[in-house]
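Encoded as structure tokens, the structure appears first; notes follow it.
Quick note on labels: first sequence line is chain A, next is B, and so on, each numbered from 1.
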Number of protein chains: 4
Amino acid sequence: MIITVASFKGGVGKTTTAIHLAEFLQTDAPTLLVDGDLNRSALQWSGTGGFDFQVCDEGQAVKFSRNAEHIVIDTPARPSVEELATLAGGCDLLIVPTSPDALAMGAMLQMVDYLDKQIFRVLLTIVPAKPSKRGAEARAALESADLPVFSTDIRQLDAFKKAAEQGVSVNKVTGDRMAGIAWNCYQKVGEEILKNG
Amino acid sequence: MIITVASFKGGVGKTTTAIHLAEFLQTDAPTLLVDGDLNRSALQWSGTGGFDFQVCDEGQAVKFSRNAEHIVIDTPARPSVEELATLAGGCDLLIVPTSPDALAMGAMLQMVDYLDKQIFRVLLTIVPAKPSKRGAEARAALESADLPVFSTDIRQLDAFKKAAEQGVSVNKVTGDRMAGIAWNCYQKVGEEILKNG
Amino acid sequence: MIITVASFKGGVGKTTTAIHLAEFLQTDAPTLLVDGDLNRSALQWSGTGGFDFQVCDEGQAVKFSRNAEHIVIDTPARPSVEELATLAGGCDLLIVPTSPDALAMGAMLQMVDYLDKQIFRVLLTIVPAKPSKRGAEARAALESADLPVFSTDIRQLDAFKKAAEQGVSVNKVTGDRMAGIAWNCYQKVGEEILKNG
Amino acid sequence: MIITVASFKGGVGKTTTAIHLAEFLQTDAPTLLVDGDLNRSALQWSGTGGFDFQVCDEGQAVKFSRNAEHIVIDTPARPSVEELATLAGGCDLLIVPTSPDALAMGAMLQMVDYLDKQIFRVLLTIVPAKPSKRGAEARAALESADLPVFSTDIRQLDAFKKAAEQGVSVNKVTGDRMAGIAWNCYQKVGEEILKNG
DNA sequence: TGAGTTAGAATGGCACCACCCGTC
DNA sequence: GACGGGTGGTGCCATTCTAACTCA
């Protein structure tokens, strides 16, 4: 299965999503993460080799993809409309992460306008904790616009930052009480992908 | 005074910084905000006309700049190295916002490597509240690397998201107790700019 | 009171001793630490400004010493015999730290051979925990050689390394159970100095 | 093969490393250890003649080196930058031992800044036992800085102190269960030298 | 609009257990 | 082979601060 993660706005958890979905899919079958981001965030994150799955950059993708059952592609920020069509055509599922704030939602709506509803699904990320209604409001807005959304939110948790610092995925973070909950978010998203895929 | 805001990574408060510095500088002299971001976030934000200063996109910059004493430029994410040199050459101060996490700090360090210490200054943004040590640690790391940093952090506050929703700058947000504190952050940064500039 | 810390062998806790005695003496009166080590370890340690006392290098010593009641001098490793005489002549107390192993003890014995018993006192450092007899054996050897020794050992504790990492003295270390015990070692040594001085 | 051991900070196992590498290389071919340390630690250690290889001080080096295939040079602590260039130019491999703590690592980084990556290799010494993560963290830091590191750590073991007391190398220590493991550390380092050299 | 209240996140402190080294 | 002690890991409680709700 080939999964592409793309967004028009940066800082909405695109790399975090790509990494943790790859980590989850690796539990199902050999998985490769292709780091197409210009900052090489994923490769930088994995500098110390704390991932179970394989990581490579765009140029090595063809070589490494032979041994992988699942492939997750982390794309550069702000793809052009033409690139967007290419990305959508080259995958089985296009995940569009967005945080529940006006700017990110606006950029997301702008993006999905160019996409077929069959190919993409929106993932709400960096959702504040329960007393906040941002997550629920954003979800309601998405559903009223009849856009496909993952039923699980990715919560805003410090554990994800710690994971980047420690160079591991969040399920291997030490010294954070919420790390298990953080990993659980992506587990549910991964299960939703495998079930519907 | 011409101030450019640029970063290699998205979602670190680049547009928020540009808007609020323009709002502050307007209290000193007529100010223009040039929205160079491909998402046109600033223009989208100001859709309802809730700003005191003028806003235009890149193409209109020359025309509007005649009436402005201060100009703030919001640049697209991930400028190339060549663009970076052009940006640095075309302003009096280049502000590099970064949140205090590993990925954003890495991208920031990558960026300032191409810049002269005389032209840029780092602004810590989205800094978590006091029990967290992220802000202090990031500041220590920057100072140990001998990078110029604004002495005031921009705190992680919901008021900034509400400002984007309401289409106004944070000093005009209603229904948020922390909005005054949020505005105070950028006020101090603005004063630091006017004093040193 | 002027206290000099010197040793013929490196890695025996010379800088750690100088820093923590300065921290202790600061509780008695304004104190200055003169970093004479070529590595500038103390200045590096204090880079983030985590000390109560003042720190300066050799060249600034005269200027800063005017405001200080106590002065602690951290000397370079392996002083020559001539330097040793100068160091001994320029202080009220010369502390010779040594760990309880054959190499460090040998270097220490070599050193004190050039010194008057009235001016120096040996400080056992990096002493392993109780099941080990190294500390007791070293203390017995020193006393049988009729050398003046501080009655308190500085124990081998991870807290001292954490202190260097955090850029603070061990009494300000967070997240270490033994930090209080570590600080207690130097407190007792400091009290012994003030009492006998 | 000429191997030089040097460090900016004392107490990081420089002499211990020189002695045990000489002991290992002696199993390959006649080996000479040149004791350049001002404390004459190696000569003191070997006072009772417990080494298989030959030992001499700097002045005798030329004379003894005629009969040796391998030469290991133990240098004085804190060489000047000029001496460093001379040392690097006079050997096939420059080993820089460092313990995994902030002060030693800082001094090491300061030192290798003057060296070519082709000539030196870092050796992690005095690494605490497994529950501690110091060794792994230091190794990760070295690798992220792209510095050449020996793949084997020298562990912090009492056997090395006993070896110094008994005047023998650690493979001849009696009455210590961990002596074999201690010797094994240097065996692996020695094999890495012979293989890559 | 402003003050008091509640829920949740994050740090720090403490107690408990596991592992390993050093001695007996 | 057994015991004591240090280090790291985890779980639990206390504290602080933000964001939301409620009341005047």
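Scored by the side chain to side chain contact (heavy atoms under 4.5 Å, CB included) test, Ala107(D) finds Asn39(C), Phe8(D), Lys9(D) as partners (sequence neighbours excluded). For the side-chain hydrogen bond (donor to acceptor under 3.5 Å, both in side chains) test, residues two or more places apart in sequence or in another chain that qualify with Ser151(D) are Glu192(D). For Thr16(D), there are no side-chain hydrogen bond (donor to acceptor under 3.5 Å, both in side chains) partners two or more places apart in sequence or in a different chain. Every residue two or more places apart in sequence or in another chain that forms a side chain to side chain contact (heavy atoms under 4.5 Å, CB included) with Asp158(C) is listed here: Lys161(C), Lys162(C), Asp176(C), Arg134(D). Every residue two or more places apart in sequence or in another chain that forms a side-chain hydrogen bond (donor to acceptor under 3.5 Å, both in side chains) with Thr15(D) is listed here: Asp74(D). Residues passing the salt bridge (Lys or Arg N to Asp or Glu O under 4.0 Å) test with Asp101(B): none are found, sequence neighbours excluded. Residues forming a side chain to side chain contact (heavy atoms under 4.5 Å, CB included) with Lys133(A) (at least two apart in sequence, or on another chain): Glu137(A). Taking the side-chain hydrogen bond (donor to acceptor under 3.5 Å, both in side chains) definition, one finds that Thr17(D) meets it with Tyr186(D), sequence neighbours left out. With sequence neighbours left out, Lys172(D) forms a salt bridge (Lys or Arg N to Asp or Glu O under 4.0 Å) with Glu23(D), Asp52(D).
The footprint of chain C on DNA chain F, defined by a heavy-atom cutoff below 4.0 Å, extends from dG5(F) to dG9(F).
Heavy atoms of Gly175(A) sit under 4.0 angstrom from primed sugar atoms or phosphate atoms, though from no base atom.
Between His20(B) and Phe160(B), the angle of the ring planes goes over 60°, which puts this pair in the perpendicular group of the 30/60° scheme.
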Discussion item. For a quick check, with a 4.0 angstrom heavy-atom cut-off, what is the B/S/- contact string for nucleotides 14-24 of chain E, read 5' to 3'?
Written reply: --B---SSSBS
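End-to-end axis angle of the helix from dT1(E)-dA24(F) to dC24(E)-dG1(F), using five pairs per end and rounding to 10°, comes to 10°.
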